[in-house]
Amino acid sequence: MAENSLNAVDPEIAELIRAEERRQADTVKLIASENYVSKAVLEATGTVLTNKYSEGYPGKRYYEGQQVIDQIETIAIERAKAVFGVNHANVQPYSGSPANLAIYMAFLKPGDTVLGMGLPFGGHLTHGWSVSATGKWFNPVRYGVRKDTGRIDMDEVRALALEHRPKLIFCGGTAIPRTIDFPAFAEIAREVDAVLAADIAHIAGLIAGGAHPSPVGYADVISTTTHKTLRGPRGAMLMATSDEHATALNKAVFPGLQGGPHNHTTAAIAVALREASQPEFKAYAAQVVKNAKALAEELASRGFDLVSGGTDNHLILMDLTPKGVGGKPAAQALDRAGLETNYNAVPFDTRKPFDPSGIRIGTPSVTSRGMGEAEMRQIGAWMDEVVTAVAKGDAEDVIARVHNEVSELTAKFPAPGLS
Ligand code: DSN
């Protein structure tokens, strides 16, 4: 029986996928946690591997028929070990939140204390924020950033660790524009006998490409998603150097929290890791940072208030209060102009999380399209024009003009993976 294509079976969904592809092609994507995967990664995700159950690990499964899957997962593990320089990697977590939950399951009991960065300061929900299971089922203590510098205060982290004796300390987060001081966190964790978890989801590609220091040798466990700067499919990994920690993590992922791994994702992670091991990826990671610095300089010169005054990595967090507009109306107007961002709380924000003062932007996606510093300066100018027009309450003409100009730019820099 001949099989029908997606187009024939479900034209409505097929057309919506094409519409999303057009939207992605025509937009300057500045969301710091997103990227464009390569055609090769995209191909691997849409394969028959989705048909297979594989509870367990290579060589020790609970279903037969693993002749091929075992090879794929083993390749993904070996590539992760080589790219990040670790002894152990688990490539099965479905995404970042389950990966982080597995760390709790591996090392803590309910009610134990976790020290993590507060969400409004740039931490992640799963680092012990109150609405997350990790904040409800464990005892969270939070550190932040200094008001005067916008940077993590390592003296505060140490004082909180000594006072509360956490079993687990998280470093890393989702809105941190500066380098994470892994050695300083490791020293504090050792002093209080805590497990140090480095959540490198945002910066994994920068670490793989040598554009950010590595937590290896400092953190006991490392968690990362695979779809941000690393340019893989939506998935996650857990890594460790000690056998003991690796065994605890493996048991926590399966059977602790998850069932069968998503084998199509595992294959795509393997492909992304192969790409990340190539010399071009080093150049990519370095350019992501150069672009972020160029964009930050342009925005700062136009009066934008950058948290911590700039960036060391792929990410810029801005407080729009001096521009006279909230983060949400600014992000909405920018999106209509073809500049995709997200509104975001800034440290010490006086507004509510759903209507905060800031926006967060990043350069992983525009760099994947081949854009450089000149394009970043242009993007900074467009952002200024739109935000200034929104503050004046008369943005429609500016939005329409900028959108046309954005379309001209995106046409010159085709995004990977899109047809
Ligand atoms: N949603 C991710 C981000 O945007 O940073 C974190 O989970």
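For ligands, and for the atoms within them, numbers begin at 1 and follow the listed sequence.
- Ionic pairing of E34 and K29 is present here: one or more N-O contacts between side-chain nitrogen and carboxylate oxygen are shorter than 4.0 angstrom.
- Residue-level contacts of ligand 1 at the 4.0 Å heavy-atom threshold are S33, H124, T174, H202, K228, R360.
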Per-pair distances, 0.1 Å, donor-acceptor, side chain in residues 99-114, under 3.5 Å, sequence neighbours excluded:
residue	atom	partner	partner atom	Å
N100	OD1	S223	OG	2.7
N100	ND2	T126	OG1	2.8
N100	ND2	D199	OD2	3.0
Y104	OH	T126	O	2.7
Y104	OH	G128	N	3.4
D112	OD2	K109	N	2.8
D112	OD2	K167	NZ	3.0
T113	OG1	N139	ND2	2.8

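- Side-chain polar atoms of R369 and Y36 form a donor-acceptor pair below 3.5 angstrom.
- More than 12 heavy atoms of other residues, nucleotides or ligands sit less than 6.0 Å from atom CZ of F348.
- A donor-acceptor contact closer than 3.5 angstrom links the side chains of D312 and T179.
- Side-chain contact check for S54 and R61: no donor-acceptor pair (N or O, by modelled atom type) lies under 3.5 Å.
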